[in-house]
Amino acid sequence: MRKDEKRTAFSRKVVEAIRKIPRGRVATYGQIAALAGNSRAARGVAWILHSSSDAERLPWHRVIGSRGRISLGRGRGFEKQRRRLAAEGIAVDRAGRIDLEVFQWEPRGKLPAVFKTFERSFR
DNA sequence: AGTATGACGTTTT
DNA sequence: AAAAACGCCATAC
């Protein structure tokens, strides 16, 4: 696998998008694909991560599945990803579940749902 | 140009 | 709730 990625526009945009994910937040594969211009290319995103996340020094651990779950299998990166997420204050249960309502990154500056409940309590 | 391979996603069992 | 069945896509070779 490992070669000279970043050649196609898609790959470049995927890398850009992943770099933008803030600490303490997560994004889904499909979300990244959409930001790169093709909402249906989630698998392509996965491929890029798999092949070049190390060389690009990407925050790969902040990318998870659409249902808020770590996609890596046990013994194949699951534990490592879980640790790295926890280190940023992201709650991950034993099954690898993460609450997207709380931790999903919103590129447009939209606040997570949990903040809305705070807003309401102040009215 | 055609086939195989995933860190995927959605719908249906 | 969990898994299978499909569908979809970028890359590698």
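Chain naming here is simple, since letters A, B, ... match the order of the sequence lines and numbering starts at 1 in each.
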To the nearest 0.5 Å, what is the distance between CZ on A:Arg25 and CD1 on A:Ile98?
12.5 Å

Just N and O in the side chain of A:Thr8: are any of them under 4.0 Å from OP1 or OP2 of C:dT11?
yes

Gap in Å between the two P atoms, one belonging to C:dC6 and one to B:dA7, rounded:
23 Å

Just how far, in rounded Å, is P of C:dC9 from NZ of A:Lys13?
16 Å

If you look at every heavy atom in A:Arg94 and A:Arg74, which pair is closest and at what distance?
O-NH2, 2.8 Å

Counting side-chain heavy atoms from CB outward, which of C:dA10, B:dC8, B:dA7 is closest to A:Arg43?
B:dC8

Roughly how many Å is it from CG in A:Leu49 to P in C:dT11, rounded to a whole number?
12 Å

Give the rounded distance in Å between these two atoms: CD of A:Glu79 and C1' of B:dA7.
14 Å

Paired nucleotide for B:dC8 [Watson-Crick or G-U wobble; both distances under 3.5 Å]:
C:dG7

Side chain of A:Ser66 - closest among B:dG9, C:dG7, C:dA10
B:dG9

Side chain of A:Thr28, heavy atoms from C-beta onward: which of C:dC9, B:dG9, B:dA7 has the nearest atom to it?
B:dG9

Do the non-hydrogen side-chain atoms of A:Trp105 and A:Val26 ever get within less than 4.5 Å of each other?
no

Separation of A:Asp93 atom CG from C:dA1 atom P, in whole Å?
12 Å

Between C:dA10 atom P and A:Tyr29 atom OH, what is the distance in whole Å?
17 Å

Quick one: label A:Phe10 by what it contacts on the DNA or RNA (base, sugar-phosphate, nothing), any heavy atom closer than 4.0 Å.
sugar-phosphate

With the side chain defined as heavy atoms from C-beta on, A:Arg40 is closest, among B:dC8, C:dA10, C:dC8, to C:dC8

What is the distance, to the nearest angstrom, from the CG atom on A:Leu58 to the C1' atom on B:dA7?
13 Å

Can you check the A:Leu85 CG to B:dA7 P distance for me, whole Å?
17 Å

Nearest whole angstrom, please: distance from the P of B:dG9 to the CD of A:Gln104.
11 Å

Between B:dT5, B:dA7, B:dT10, which nucleotide gets closest to the side-chain atoms of A:Trp47?
B:dT5

Exactly one of A:Arg83, A:Glu88, A:Lys80 clears side chain to side chain contact (heavy atoms under 4.5 Å, CB included) with A:His61, and that residue is A:Glu88

Once you round to the nearest 0.5 Å, how far does CZ of A:Arg69 lie from CZ of A:Arg97?
6.0 Å

